[in-house]
Amino acid sequence: MANQFDVVVIGAGPAGYVCAIRAAQLGLKTACIEKWTDDKGKTALGGTCLNVGCIPSKALLDSSHKFVEAQKDFKLHGINHSGVEMDVPQMIARKNKIVKTLTTGVGGLFKANGVTLLEGAGKVLVNKQVELTKADGTVEVYEAANVVVATGSRPVEIPPTPTDGDLIVDSTGALEFQETPKRLGVIGAGVIGLELGSVWGRLGSEVVVLEAMDRFLAAADEQISKESMKIFKKQGLDIRLGARVTGSEIKGKEVHVTYAESDGSEKVVVFDKLIVAVGRRPYTENLLAADCGVNMDERGFIFVDDHCATDVPGVYAIGDVVRGPMLAHKGSEEGIMVAEIIAGQKGHMNYDLIPSVIYTHPEIAWVGKTEQELKAEGIDYKAGTFPFAASGRALAANETEGMVKVISDKATDRILGVHVVGPSAAELVQQGVIAMEFAASTEDLALTIFSHPTLSEALHEAVLAVDGHAIHIANRKRR
């Protein structure tokens, strides 16, 4: 009986640990397998997000933003000072302390909810058996009524720029710099590249971002991405679109990167450090026994249905190893859904309303449809925008860059998308998520009272602007 569980979850990241906790709350005998270890060889819970992803990058983003505020913005508020310097090792140490607090906290939640932690590498065998290989090489096999695969993802490496852990690093290595590089290269202008480029750019690095695509932030609404590009250029980020990296060479303490531009011409740029941030791939190597019956595609993503069930009854997969955006909150909600389905409940999640956030400053966030998507689908829509430059609260905080944009269905008035670049964009978009979850119309939000003065009023005004009723900006004349 000791080796038998109702649920065995493989992976203790945001998808896996949340699934394990919820399953245990529902009265299921639950185990969670994790092989990640810290620098002392102790099992580290929380996956990429807590250890080397979402949390540590936000810690560095906040530290670097406060440095910029102290350097440039305090004087505007009448706060005079001199000699502000950044102690990079202290910044990294603070980041590490936050990571330690949260990862050990997951262990405490396991104990509080009765989840059994199994330390080692998990593998799905036939008949819902799970093999556990411990650090010392010993192997144990567990029987499970249900198995949930939540092994997450890892950074993609590209042949032109093999990482060496020193001069050429992935997103993990970029969180450990002990000094600010003078010349920093970033390959990839996605979420990770922009966030890490912003951190070190604020601390004084000359940052060049090389992006192979010709359009900036293609997944975002085009109006928002164009506005964001202007802001980043103003901040000093040198973002080069249509730049396909073809090779790199380490010469002494420098990295020489060769890239081809859209017109085919070739250029070389020299950096002191290079961050490769071209995306992530599912972590499914050595995870599935050949005869276990669980199938995956050529890229390593496990095939699942709308409720994360694999081809084997009783075996599920969630998070970064399955279709959909590689986002911690998406994986967590899938974990809750699967746990509730296993417990016999009606598990559900709305894949149409998964918010996306880029934690630069200002933040960029969105949910729902973009204008270009609606045009491609032939849906008649109407849109309204409101700039933070017209917000009293944003002016008081010296946070006036960016805008809020709301898109709704022209026939039904139902809100189809909320897009923000600006202060607290992530929080404002979440208000849009809540409204859209309840199928709100722009009229519903227009009739809602927003407190004054708040940044949320920008959302209210954008909703009013959809029908040309904004109060604090001049409305466009409707054709």
Side-chain angles (χ1 to χ4, degrees), residues 217 219-228 325 329 333 348-358 362-395 399-479:
L217 290 180
D221 183 86
E222 193 167 357
Q223 186 177 6
I224 296 297
S225 63
K226 285 180 178 178
E227 182 70 16
S228 302
H329 45 281
E333 291 305 317
H348 171 75
M349 69 176 284
N350 187 349
Y351 282 96
D352 292 329
L353 293 181
I354 300 174
S356 296
V357 185
I358 303 174
E363 294 176 345
I364 307 165
W366 66 89
V367 67
K369 297 288 188 179
T370 65
E371 270 204 70
Q372 57 265 31
E373 286 174 329
L374 292 171
K375 286 177 182 176
E377 294 169 14
I379 296 173
D380 284 336
Y381 65 90
K382 49 187 178 176
T385 63
F386 187 80
F388 283 104
S391 161
R393 187 68 186 89
L395 281 162
E399 297 275 6
T400 57
E401 292 182 310
M403 68 176 76
V404 179
K405 179 175 185 175
V406 175
I407 307 172
S408 67
D409 188 286
K410 199 166 188 177
T412 67
D413 196 40
R414 183 172 176 173
I415 298 171
L416 301 177
V418 176
H419 309 268
V420 185
V421 53
S424 298
E427 312 301 333
L428 296 180
V429 160
Q430 197 59 47
Q431 295 180 23
V433 175
I434 294 168
M436 292 168 72
E437 186 64 48
F438 289 94
S441 64
T442 55
E443 184 183 30
D444 290 327
L445 283 192
L447 293 171
T448 301
I449 299 172
F450 285 69
S451 51
H452 174 77
T454 59
L455 294 173
S456 294
E457 287 177 295
L459 174 62
H460 190 218
E461 288 277 359
V463 165
L464 291 170
V466 168
D467 286 312
H469 300 155
I471 300 299
H472 292 95
I473 56 170
N475 291 284
R476 279 182 165 185
K477 290 184 178 179
R478 301 285 161 174
R479 292 178 180 178

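Throughout, residue positions are numbered sequentially from 1 according to the sequence presented. What you are looking at is a predicted structure, and each value in this text was computed from that prediction instead of being measured.
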Chi angles and distances behind the side-chain contact (heavy atoms from CB on, under 4.5 Å) call for E363, V420: CA-CA 8 Å; E363 294 176 345; V420 185; over 6 Å; no
Residues V418, W366; criterion side-chain contact (heavy atoms from CB on, under 4.5 Å); working and verdict: CA-CA 6 Å; V418 176; W366 66 89; over 6 Å; no
Check against side chain to side chain donor-acceptor pair (under 3.5 Å), S456 and Q431: CA-CA 9 Å; S456 294; Q431 295 180 23; 2.8 Å; yes
Worked verdict on V367 versus I354 for side-chain contact (heavy atoms from CB on, under 4.5 Å): CA-CA 6 Å; V367 67; I354 300 174; over 6 Å; no
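A donor-acceptor pair is defined here as one N or O able to donate and one able to accept, closer than 3.5 Å; no such pair exists between the side chain of E399 and the backbone of P423. Judged by distance alone, the side chain of S424 and the main-chain N or O of E427 form no donor-acceptor pair under 3.5 Å. Although no hydrogens or angles enter the test, the distance criterion places no donor-acceptor pair under 3.5 Å between the side chain of E461 and the main chain of A458. Side-chain atoms of D413 come within 3.5 Å of backbone N or O of E443 as a donor-acceptor pair. In this structure, the side chain of S391 does not engage the main chain of P387 through any donor-acceptor pair within 3.5 Å.
Rounded to the nearest 0.5 angstrom, L353 CG and I434 CD1 are separated by 11.0 Å. Atom CD1 of I358 is separated from atom OG of S225 by 9.5 Å, given to the nearest 0.5 angstrom. H469 contributes atom NE2, which lies 9.5 Å from atom OG1 of T442 (distance to the nearest 0.5 angstrom). For the atom pair CG (L464) and CD (E457), the distance works out to 10.5 Å, reported to the nearest 0.5 Å. One distance of note links CE of M436 with CG of N350; it measures 8.5 Å at 0.5 Å rounding. Atoms CG and NZ, on L217 and K226 in that order, are 13.0 Å from each other to the nearest 0.5 Å.
H460 and T448 get closest at one heavy-atom pair: NE2-O, 3.3 Å. Between Y381 and K375, the shortest heavy-atom distance links the atoms OH-CE, 3.0 Å. Closest heavy-atom contact between I407 and K369: CD1-O, 3.7 Å. Pairing each heavy atom of S228 with each of V421, the nearest pair is OG-CG2, 3.6 Å. Between A446 and V463, the shortest heavy-atom contact is N-CG1, 3.7 Å. The heavy-atom pair separating L428 from L459 by the smallest distance is O-CD2, 4.1 Å.
In this structure the side chain of V357 never reaches within 4.5 angstrom of the side chain of V429, judged on heavy atoms. Contact check for V404 versus F388: side-chain heavy atoms found under the 4.5 Å cut-off.
Applying the side chain to side chain contact (heavy atoms under 4.5 Å, CB included) criterion to T412, with sequence neighbours excluded, gives D409, R414. In this structure, the side chain to side chain contact (heavy atoms under 4.5 Å, CB included) partners of T370, at least two apart in sequence or on a different chain, are D221, Q372, E373, H419. Remark: T385 engages Q223, M403, K405 in a side chain to side chain contact (heavy atoms under 4.5 Å, CB included) (not counting sequence neighbours).
Applying the 6.0 Å contact sphere to NE2 of H329 captures more than 12 heavy atoms from other residues, nucleotides or ligands.
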